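Written below as structure tokens is the structure these notes are about.
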Amino acid sequence: MAIRTVDFRSDTVTKPTESMREAMANAEVDDDVLGYDPTAQRLEAKMARIMGKEAGLFVPSGTMGNLICLLTHCQIRGSEVILGDNSHIQMYENGGISTIGGVHPRTVKNNEDGTMDLDLIEAAIRDSSFEILSPTTRLICLENSHSRSGGRCLSVEYTDKVGDLAKKYGLKLHIDGTRIFNASVALGVPVHRLVQAADSVSACLSKGLGAPAGSVIVGSKSFISRAKILRKPLGGGMRQIGVLCAAASVALQENLVKLEGDHRNAKILTEELNKIRGLKVDIATVETNIVYCHIRKGSKISRTELCKSLEQHGVLVLPEGPMRCVFAFSFFNSSVL
């Protein structure tokens, strides 16, 4: 008998729904590089409204979105950005800010909840009078929810304090909001309030929301105008992009309401995993749709053996470090629980 496969490797493994495919097939399109694609324009305007910003720009991926935002804020080569040592930009975006943009990352230790201590952020800001020797700090980056902290959420109060710190020193604040909708649902706070202190935000539509591809970056009109120029040489000008934007619009309309269920099922799984000898999940850390399962020291099973055994039973998970694996929930796999 065939085993049904349930894929928890990531919330990126969703498939476009029939309504998304229908919207893609019927999308009204034009040349987006020239600024004429109406479906893209509608999605960008909607995302800007949701996030309380003036304008938006569709980009192919979250990595490109973050890269464009950072390079737009740091147009002078040798600029420095302060970000978490365990952040997605630092760990998983191939060093693009430095290799492509000449931006220097200055890392601050992430706490277990994804925050960085305010005093450590402040201490990392360069003294501009020493610019002959040091990079010039121009930007602070936060990530909400924080993926490598298990999808933990940054509070409004914390984000506002970082925003105040940035303003105190004349810096900009960018939020990597790849899963900002998950954070909004988990905290019960509207997205626009979560990112109110930010000068720019990138939000992914192809993870828990299930669109086949794409992110939208938002900010002021002048910021987005500069960002669109940068998008072109990075390969993000994709012409009739309304085909993808149509699916993303459906994802916003239909799947936001499903995120709460993803979070609930992540907690259910956490409780069940903790019943298995040799495995442990800190239930207090499970706030959204990501579950990090740790293999206890001295356990008779290794990470590789655990992943292989689960796969044989039709459950796919992602190895993460030598002694843990990750389960990521989306509406695509939550329905099986």
Side-chain angles (χ1 to χ4, degrees), residues 6-15 17 20 47 50-51 62 86-88 110-115 142-159 175-195 201-211 215 248 250-276 279-294 310 315-318 320 324-337:
V6 183
D7 197 339
F8 290 105
R9 291 174 300 165
S10 174
D11 51 8
T12 62
V13 299
T14 55
K15 304 294 191 296
T17 61
M20 289 184 199
M47 286 289 285
I50 289 172
M51 299 197 177
N86 211 22
S87 65
H88 194 278
N110 278 119
N111 298 315
E112 290 186 1
D113 64 357
T115 63
L142 299 177
E143 181 183 342
N144 198 14
S145 65
H146 197 277
S147 59
R148 281 181 60 86
S149 295
R152 304 286 292 275
C153 304
L154 307 188
S155 68
V156 167
E157 293 77 15
Y158 172 78
T159 304
I175 294 179
D176 174 0
T178 295
R179 296 179 177 87
I180 193 67
F181 291 105
N182 289 92
S184 172
V185 169
L187 294 172
V189 177
V191 173
H192 69 84
R193 184 62 188 91
L194 279 182
V195 302
V201 185
S202 62
C204 189
L205 298 163
S206 64
K207 291 187 169 62
L209 292 179
S215 291
V250 172
L252 273 176
Q253 182 177 341
E254 295 184 354
N255 295 335
L256 273 175
V257 296
K258 300 175 183 177
L259 296 182
E260 186 175 359
D262 295 341
H263 301 173
R264 181 173 58 251
N265 286 329
K267 290 180 174 63
I268 292 172
L269 178 66
T270 296
E271 294 171 353
E272 296 304 313
L273 287 172
N274 278 329
K275 296 176 182 178
I276 300 174
L279 302 182
K280 179 184 179 182
V281 180
D282 183 354
I283 195 167
T285 68
V286 181
E287 297 178 0
T288 56
N289 66 320
I290 299 173
V291 176
Y292 279 111
C293 179
H294 297 261
L310 288 170
V315 178
L316 303 181
V317 298
L318 192 67
E320 178 73 26
R324 71 178 186 178
C325 57
V326 61
F327 296 76
F329 281 80
S330 67
F331 74 93
F332 181 70
N333 56 36
S334 280
S335 61
V336 302
L337 295 185

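The figures that follow rest on heavy atoms only: side chains count, while hydrogens, waters and symmetry mates do not. Predicted model, so just to flag it, every value in this text is computed and none were measured.
- Nearest approach of S215 to G62, heavy atoms of both residues: OG-N, 3.2 Å.
- Of all the heavy atoms in V315 and F8, the pair that sits closest is CG1-CD1, 3.8 Å.
- Of the possible donor and acceptor atoms, one in the side chain of N110 sits under 3.5 Å from a partner among the backbone N and O of N86.
- With contacts defined as side-chain heavy-atom distances shorter than 4.5 Å, the pair E143/I175 does not qualify.
- Atom CD1 of I290 sits about 8.0 Å away from atom OG of S10, to the nearest 0.5 Å.
- Between V156 and L194, some side-chain heavy-atom pair lies under the 4.5 Å cut-off.
- At a threshold of 4.5 Å between non-hydrogen side-chain atoms, the residues T288 and C153 count as touching.
- With contacts defined as side-chain heavy-atom distances shorter than 4.5 Å, the pair L273/T270 does not qualify.
- Inter-residue side-chain proximity for L259 and L209 is flagged as met; some heavy-atom pair is nearer than 4.5 Å.
- Annotation: the span from F327 atom CZ to L310 atom CG amounts to 5.5 Å, rounded to 0.5 Å.
- H146 and S87 get closest at one heavy-atom pair: NE2-CA, 3.9 Å.
- Salt bridge E112/R152: absent, no basic N to carboxylate O contact under 4.0 Å.
- Rounded to the nearest 0.5 Å, atoms CZ (R264) and CG (N289) are 13.5 Å apart.
- Expressed to the nearest 0.5 Å, how far CZ of R9 lies from SG of C325 amounts to 13.5 Å.
- Of the possible donor and acceptor atoms, one in the side chain of D113 sits under 3.5 Å from a partner among the backbone N and O of T115.
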Does H263 form a side chain to side chain donor-acceptor pair (under 3.5 Å) with N182? I'd like the steps, not just the answer.
CA-CA 8 Å; H263 301 173; N182 289 92; 2.9 Å; yes

Test T14 against M20 for side-chain contact (heavy atoms from CB on, under 4.5 Å), laying out the working first.
CA-CA 12 Å; T14 55; M20 289 184 199; over 6 Å; no

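- With hydrogens and angles ignored, the 3.5 Å screen pairs no side-chain donor or acceptor of S330 with any backbone N or O of D11.
- At least one side-chain heavy atom of L205 sits less than 4.5 Å from a side-chain heavy atom of M47.
- Formation of a donor-acceptor pair under 3.5 Å by the K267 side chain with backbone atoms of I283 is not found in this model.
- In terms of modelled atom types and a separation under 3.5 Å, the side chain of S184 and the main chain of V189 share a donor-acceptor contact.
- Residues G151 and E287 come closest through the heavy atom pair O-CB, 4.1 Å.
- Under the 4.5 Å side-chain criterion, counting only non-hydrogen atoms from C-beta, T178 is not in contact with H88.
- Formation of a donor-acceptor pair under 3.5 Å by the E320 side chain with backbone atoms of V326 is not found in this model.
- Expressed to the nearest 0.5 Å, how far CZ of F181 lies from CG of N144 amounts to 12.0 Å.
- To the nearest 0.5 Å, atoms CD1 (I180) and SG (C204) are separated by 12.5 Å.
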